[in-house]
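First comes the structure, then the notes that go with it.
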Amino acid sequence: MVFRRAKNILIGKPGTSLANKTGGWRVFYPVVDKTKCVACGMCVMSCPEGCMETSKETKTLVDLDYCKGCGICAKVCPKTAISMLKEEK
Amino acid sequence: MIEIRLHGRGGQGVVTAAELLATAAFSDGKYTMAFPTFGSERMGAPVASFVRISDNPIRVRSQIYQPQHVIVQDPTIIGAVDVFAGLKDGGVVLVNTAKPASELKISAKANVVTIDATKLAIEILGRPIPNTIMVGAFCGITGIVSMVGIEKAIRHKFEGKGDIVEKNIKAAEQAYNMLKKK
Amino acid sequence: MKKVTEGLKAIAETVALCRPDVISAYPITPQTHIVEELSVIVANGRLKCEFINVESEFAAASVVLGASVAGVRAYSATSSQGLLLMAEVLFNMAGMRLPVVITDANRAVSAPINIWNDWQDTLAIRDAGMIHLFAEDNQEACDMHLQAFKIAEDHQVMLPVMVNLDGFILTHAFDPIDFPEQSEVDKYLPRYVPLEKLDVKNPLSFGLMGGPDRYLETRYAMAETMKSCTPIIRKAAQDFAKQFGRNYGELVEEYKMADAEIVLLSMGSIISSMKDVADELRAAGKKVGVLKIRCYRPFPVEDLIKSLCGKKKVIILEKAISVGGVGILTADVKAALYGQKNTPEISDFILGLGGRDVTVADIKAIVAKAEKENLKGEFYGLDQKLVEEMDK
């Protein structure tokens, strides 16, 4: 008698995407010009991946492990402090 | 096995009458089954229900095409529906009407009995729902189920609904006594 | 204690005895009284349960799916179009391995609009991955609900179970029903213990994506479980018989089969009339037996081989058809017997669709027909006048 529940397929433990770095397939990546950045936080609020943070001291930081390179941050930045550069390895 | 078919219109308690007969027969210690014609229920539409009563377990669940007895709760249905279809010889046909049996021109070879159940229902229950009266009358004529059984069935069915219980028992009992074999 | 009770009300009472934690259902003829009665039972405080009102069967099924993922006993009931509206969710329930129990008051499917009995609704979703049980009478239908929860919630099964009973023929019939005591039900059916559940303290994700690299395995797992859960279904029936004294067979029920030459095979309420036919024909010297399928999924292949091989003739009566194919039950029976030795001749009849009444006389006429020639997918009981007018 074999009963099979396929639990390994049907049920997942959350947090697995933290372990899986999702920023691996960008075409462009954001670069913040810290001399222009005023830490207003527009980009932080707009980032669909939640991978940006900012403060007066550090100015805006991007966690490139998870950034997918969508460019929304560059579009919304009121100081045009973010530019999207081609990912080349 | 005794098979009974009941005819009436939606809202007259034809299905409840069948249920009461079955419950009464069950409390008398018989095997029993009751069911309605299966339809989209609406007030006033012709409906029928069926009862089987037996000393042995009942299995068959098809509708009843050759009843021993027929109960007609609404005389206006005669003609609109062939209420006597398949009726076996020698049974009872009980009709709710103010007319005497001889005026009904029923050709079936049956013992045709009439009772003005609607009038009685309005008198006792205050509503023109003749079902408990028809059940009482039918059992008075045939003795198929006992009046004790009917009383139990009415109590079981209308439990917690106030004076409806006693009124219906009174109505059934009165009809039972009117038509009981002398 | 035995009480004369309408089929649907009896089922509502029995379901309440099974103590579900969440009920969600949408009323549809001929299932409506189950929903009405259960909502009264919950509102009166007799059953501690969340009764969740919804706007459709799709929502009802989704609610009980969610409740089951949250780790509680969940129940729903439906019929016909309602069942088909649930269909997508039923596949999800089975795929997610959730032990929900659903009652289906078997009814035809539109068009034309028809509220009466056949099996077209339930057999249309036979491939969802649910266990399908069919009841012959109302007492069995009630008792089957206890067994259904027990089977579904067994950690070796974890599949939804559908209890089928014929619409109107059973649902609206008044029969004396023997209701078990609550303590007896609790003994037979202890509280549901989920294996995993939605829990904020121990977060898990359910209903994940399974791509081409893993979907095949999930279906394999269901198929293997279906194959191997038959001992659990048998045991649920045996344990029930031991505790409550009522035995309806396990996957199938044999009636006068030992020396039978002709076997009448079907499911549901028509079995009762078939048993009467067997008795009558035996009195006339014909060796007729009846085989009732109680468990349609998993399909009782081993039982059928054991019961049917060596018989002269099997007559299948079915209230469903795969239009453009053959009778649905017939296809299953034939597939089960293919390649076996001493297989019987099989005649199959499509009848009773949309609530067309089937009498003892009808079944006797069918036996007489099938004795003369082997008939395949024969429609029985057609109104020839109506058929002729179809082309005009």
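Contact annotation for D279(C): only side-chain heavy atoms (C-beta onward) come within less than 4.5 Å of a heavy atom of chain B. Proximity to chain C is limited to the side chain of Y65(B), based on heavy atoms less than 4.5 angstrom apart.
For NZ of K256(C), the number of neighbouring non-hydrogen atoms (other residues, nucleotides, ligands) closer than 6.0 Å is greater than 12. Within 6.0 Å of CD in E159(B) there are 12 or fewer heavy atoms belonging to other residues, nucleotides or ligands. Counting heavy atoms of neighbouring residues, nucleotides and ligands inside a 6.0 Å radius, atom OH of Y31(B) does not exceed 12 of them. Within a 6.0 Å radius of CZ in R127(B), other residues, nucleotides and ligands contribute 12 heavy atoms or fewer.
Annotation: maximal heavy-atom pairing with chain B below 4.5 Å, among T359(C), T5(C), N117(C), occurs at T359(C).
Note that CZ of R61(B) and CD1 of I169(C) are 9.0 Å apart. Values are rounded to the nearest 0.5 Å. Here the OG atom belonging to S62(B) is positioned 9.0 Å from the CG atom belonging to D276(C), to the nearest 0.5 angstrom. Atom-to-atom distance recorded for K157(B):NZ and F174(C):CZ is 5.5 Å, nearest 0.5 angstrom.
When all heavy atoms of F26(B) and P176(C) are compared, the closest pair comes out as CE1-CB, 3.4 Å. Among all heavy-atom pairs drawn from H156(B) and V4(C), the shortest one is NE2-O, 3.4 Å.
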